[in-house]
Amino acid sequence: MGQGLLEPLKLRHCTLRNRIVFGAHTANMSRLGLPADQHLAYYLERARGGAGMIVVEPMPTDPTAVLTRGNFRPADDAVIPGFQRITEACKAEGAVMIQQLYHIGQHGDADLSYAPNMSPSGQPSYHDSDGSHAMREDEIEAQIMGFVDAARRCQQAGFDGVEIWAAYHSLIEQFWRPSSNRREDQWGGAFENRLRFGLRIQDGIRTACGNDFIIGLSISVAPNDPLGLSIDELVEIAAAHDATGQLDYVTCGTGSYVEFDKVMPSFVYGEKLSVDVTARLKARLVTAKVQSESQIRTPENARDVLKAGQADMVSIVRGQIADPHWARKLGEGREDDIRGCISCNQMCWGRRSRDYWISCLINPSVGREWEWGGEPFTPATVSKSVLVIGAGPAGLEAARIAAERGHKVTLCEAAPQIGGQFRLAGLQPRRGQILELLDWYERQFDRLGVTLHLNRFVDAEDVAEFSADEIVVATGSLPTGTGWQRFRPELDEMPGINTGNVASVEEVLRREIPIGKRVVLLDEGGNWRGVGTAWHLAEAGHAVTIVTPDAMVGKEIARTTADHRARQVLAGHGARFITESVIDAWGAGGAVVRSLLTGDSEEVAADTLVLATTNEAFSMVGDGLREASVNIHEIGDCVAPRMAPYAFYEGRKLGLAL
C-alpha cells in the first residue's frame with residue numbers, strides 16, 4: 001500500500017515535508033523576462049501554505065522555445081538574482097524548490113520568439129500554419145546544451161533541481177514519437193535512437209550539476225491523440241530513463257497539443273485522470289518516484305491516489321492556486337476550511353491563454369499577493385459594524401474578508417439560499433463544485449460569526465435598524481426580458497417578445513415556468529450562462545437550437561478549453577447550432593432567424609424562447625440609499641453586470657479596504 005499524504009518523502013539530497021507538490025505551470029508574471037516581486041510573492045504564499053515541493057514555471061532553454069509574453073529570458077544569467085530571491089524565501093518556509101525546463105519544438109509561437117520553430121523532422125505546428133526547421137546534428141547538440149546550461153543557472157539560483165519537460169508533444173516527445181521523428185540518423189528510427197535526445201539531456205544535467213541535484217521528468221498520456229504514445233510506450237520510455245539511476249521522479253499528466261482540453265481538464269471531465277499511467281509507472285520504476293498530476297482536486301482525491309499505491313506524490317496546482325494554504329490547512333486538521341477549486345479554468349488558464357498573468361475566479365488575490373498580501377489577512381485597525389446587502393459572489397466575499405479582518409458583519413439575502421446567480425450556475429450539468437464552494441462560505445460564516453439573514457429583503461428604509469458603520473450593496477442584476485441583441489442595436493426590444501413563452505436563464509434554472517419541448521436559446525454571451533443552460537435543457541430531453549451572433553457556440557469559454565467538450569455533448573443530444581445569426585422576431589410559431597453572413601432568413605419552429613442575454617443592474621437599493629444620503633459601497637453586478645470573477649474581485653478588494 002502507499003504512503004500518507006502528509007508523510008515526508010526523500011528525493012536525493014532533499015526531504016519533502018509532505019507529498020503535496022505545487023506543480024509547474026506558466027504564471028506569466030515576469031517583468032521584461034526577469035522574475036520580480038509579483039512572482040516572488042506568488043510562490044512564497046504557496047510555500048507558507050505548506051507545499052512540500054514547488055516546481056517554478058517553465059524556463060525556455062533557447063530563444064526558439066519562447067512561447068508566452070511572460071516567459072523568462074532564455075540563455076541569460078540575468079535571471080539568476082531574481083530566482084535567488086524566490087528560492088531563498090521559499091526554502092526558508094520549508095519548500096523544496098525545482099524549476100521546469102522546456103522547449104516546445106515544432107509548436108512554437110513566432111509572434112513571441114521571432115525565431116523558426118525547431119523540430120526533429122520539420123513538421124508543422126499544431127497551433128497555427130507555421131512550419132518548423134528540421135534540426136541538423138550540430139543544432140541538436142546545441143539544444144541539448146541549452147537544457148544543460150539552463151540547469152546550471154537553476155543551480156546557481158538556488159534551485160534544488162530541475163524538471164525536464166517532455167509532455168504534451170514537446171520537443172523531447174517529438175523525438176520519442178515515430179510519427180514526428182522520421183530521422184534516419186542516430187537520433188531517429190530505432191527505440192534507443194529516439195530516446196537519445198532526452199537521455200543526453202538528462203546525462204548532461206547530472207554531469208554538470210552533480211549528485212546533489214534533483215532531476216525530474218514530465219510526461220503525459222493522450223489516449224485520444226491518434227499519434228500519441230501508448231501507456232506501454234510511455235512506461236518503457238520512463239523505465240529507460242530510470243535505468244540510468246540519474247532520474248529522481250517522473251510526473252505524469254494528460255493531454256497533448258491535439259488533445260488540448262485534457263492538458264488543463266476543466267469540470268467537464270472527471271478527476272484523477274492520469275492514475276492508470278502512474279500506477280503502471282510505480283510498478284515498473286526502480287529508482288525514480290512517481291507523481292500524478294491531472295485533475296487531483298481534493299484531499300480525498302490525493303489520499304486515495306497515495307493509499308492505492310498509484311503514485312508517491314501528487315501535484316495540486318489549481319487547488320493551491322484557489323487556496324494557497326491547502327497543505328497547511330490539511331496538516332492542521334482543517335480540511336473543511338480548504339477553499340476547493342471549481343475547475344472552471346476561467347482566470348488561470350483563461351488568462352494565460354490570452355497571454356496575461358494568471359489569477360483565480362474564487363481567489364482574486366492570485367497575482368496580487370505582492371500588493372494585497374496573503375493569509376492571514378491583516379486585522380482592521382478599528383472593528384466596525386458592517387452590513388452587506390446581497391449574498392451573491394461580491395457580497396459573500398466582502399462579508400467573509402471583512403469578518404476575517406475583525407469586523408462584525410451582518411449579511412442579508414432576499415432569497416432563501418446564498419449564492420445568487422452563481423448558485424444557479426451550480427445547477428447546470430457537471431457544475432456541482434460551485435455548490436460545494438457555497439457550502440464552504442456557509443462554514444466560514446459560522447466560524448467567523450457572520451450573522452446571516454435569508455429571505456430578508458433590505459431597502460433604504462430598513463437600513464437604520466442595523467446601525468451599521470459601513471453599508472455594502474451587492475444586490476446583483478436581473479434579466480431584462482427585452483431580447484436586445486448587440487447586432488440589432490437599433491431595436492430596444494425583440495419584435496414579438498410580448499407574444500409569450502419566453503424565459504430567462506434564471507427562470508429556466510429555477511424551474512419557475514414550464515418550458516416547451518422545442519427550445520430556441522439566444523446566446524449573446526458565448527459563455528456558460530447560455531451554453532450551460534442549453535446543456536441543462538438538452539440533457540432533460542428538450543430539442544434545443546442555439547442561435548448566436550458568434551462564429552461558434554461557446555466562443556467565450558474557448559479560453560477555458562471546455563468549449564469543444566460542451567459542443568460535443570450538445571451535439572450528442574441533438575442540439576442544433578445556428579451561428580453568426582440574429583433573431584429578427586419571435587412569435588407563436590417560433591423564431592425568425594437571419595444569417596449575418598448572407599442575410600437569408602428562416603423560421604425555426606419552437607415552443608419556448610430562452611434568453612441568455614446581458615442582464616441589467618439591480619440598483620434600486622443603492623439608489624435609495626444615496627437619496628437618503630447614506631454612505632455606501634456598491635460592488636458587483638449592481639454596478640454593472642459582468643462575469644463572476646469581477647464580483648469576487650470587488651468583494652475581496654472592498655473587504656481588504658474596510
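The residues of the chain are indexed from 1 along the displayed sequence.
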Derivation of the side-chain contact (heavy atoms from CB on, under 4.5 Å) call for H536 and L509
CA-CA 8 Å; H536 167 81; L509 296 172; 3.9 Å; yes

Between atom [atom1] of [X] and atom [atom2] of [Y], what is the distance when rounded to the nearest 0.5 Å?
X: I358; Y: S353; atom1: CD1; atom2: OG; value: 12.0 Å
X: I583; Y: F487; atom1: CD1; atom2: CZ; value: 14.5 Å
X: E404; Y: R652; atom1: CD; atom2: CZ; value: 9.5 Å
X: Y649; Y: M347; atom1: OH; atom2: CE; value: 10.0 Å
X: I515; Y: T608; atom1: CD1; atom2: OG1; value: 5.0 Å
X: L611; Y: T480; atom1: CG; atom2: OG1; value: 7.0 Å

For the residue pair [Y] / [X], report whether a side-chain donor-acceptor contact shorter than 3.5 Å exists.
X: S343; Y: E271; value: no
X: T533; Y: Q428; value: yes
X: N117; Y: S125; value: no
X: T68; Y: R352; value: no
X: E397; Y: Y441; value: yes

[Y] backbone acceptor or donor facing [X] side chain under 3.5 Å:
X: D459; Y: D462; answer: yes
X: S359; Y: V366; answer: yes
X: D637; Y: R642; answer: yes
X: T475; Y: G390; answer: no
X: E369; Y: G367; answer: yes
X: Q106; Y: P124; answer: yes
X: R594; Y: V582; answer: no
X: N28; Y: Y356; answer: yes
X: E259; Y: N224; answer: yes
X: R423; Y: I418; answer: yes

Could you tell me if R559 sits above the aromatic ring of W349, with its cationic atom closer than 6.0 Å to the ring centre and no more than 45 degrees from the axis?
no

With a 4.5 Å cut-off on side-chain heavy atoms, are [Y] and [X] touching?
X: I389; Y: I632; result: no
X: V544; Y: L570; result: no
X: V621; Y: F457; result: yes
X: T482; Y: D492; result: no
X: R626; Y: E634; result: yes
X: M552; Y: R567; result: yes
X: N363; Y: I321; result: no
X: W528; Y: W535; result: yes

What are the two closest heavy atoms between [X] and [Y], and how far apart are they?
X: P479; Y: E506; value: CG-OE1, 3.7 Å
X: A425; Y: I434; value: CB-CD1, 3.9 Å
X: Y168; Y: E173; value: N-OE1, 3.5 Å
X: K262; Y: G255; value: CB-CA, 3.7 Å
X: D550; Y: T579; value: O-CB, 3.3 Å
X: L396; Y: A391; value: CG-O, 3.4 Å

Just checking [X]: does its [atom1] atom have more than 12 heavy atoms from other residues, nucleotides or ligands closer to it than 6.0 angstrom?
X: E465; atom1: CD; answer: yes
X: E300; atom1: CD; answer: no
X: R354; atom1: CZ; answer: yes

Does the plane of the ring in F422 sit parallel, tilted or perpendicular to the ring in F648? Use 30° and 60° as the thresholds.
perpendicular

According to the interplanar angle, ranging from 0 to 90°, do the rings of Y126 and H169 count as parallel (below 30°), tilted (30 to 60°) or perpendicular (above 60°)?
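Aromatic pair Y126/H169 classed parallel.
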
Starting from the C-alpha separation in whole Å, work towards a yes-or-no answer on salt bridge (Lys or Arg N to Asp or Glu O under 4.0 Å) for R565 and D261.
CA-CA 8 Å; R565 179 60 180 161; D261 54 353; over 6 Å; no

Determine whether W586 and N501 satisfy the following criterion, side-chain contact (heavy atoms from CB on, under 4.5 Å), listing intermediate values before the conclusion.
CA-CA 10 Å; W586 170 252; N501 296 319; 4.3 Å; yes

Take Q295 and T254 through the side-chain hydrogen bond (donor to acceptor under 3.5 Å, both in side chains) test and state the conclusion after the steps.
CA-CA 9 Å; Q295 195 70 323; T254 54; over 6 Å; no

Identify the residue among K555, R529, R486 that makes a salt bridge (charged side-chain N to carboxylate O under 4.0 Å, His left out) with E524.
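That would be R486.
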
Take R488 and E490 through the salt bridge (Lys or Arg N to Asp or Glu O under 4.0 Å) test and state the conclusion after the steps.
CA-CA 6 Å; R488 296 298 315 268; E490 74 280 9; 2.8 Å; yes

Any chance you could lay out the side-chain contact (heavy atoms from CB on, under 4.5 Å) test for L112 and D355, step after step, and finish with the verdict?
CA-CA 11 Å; L112 289 159; D355 218 6; 3.8 Å; yes

Could you go through V502 and M494, starting from their C-alpha distance and side-chain angles, then the distance that decides it, and tell me whether this counts as side-chain contact (heavy atoms from CB on, under 4.5 Å)?
CA-CA 11 Å; V502 179; M494 181 188 295; over 6 Å; no

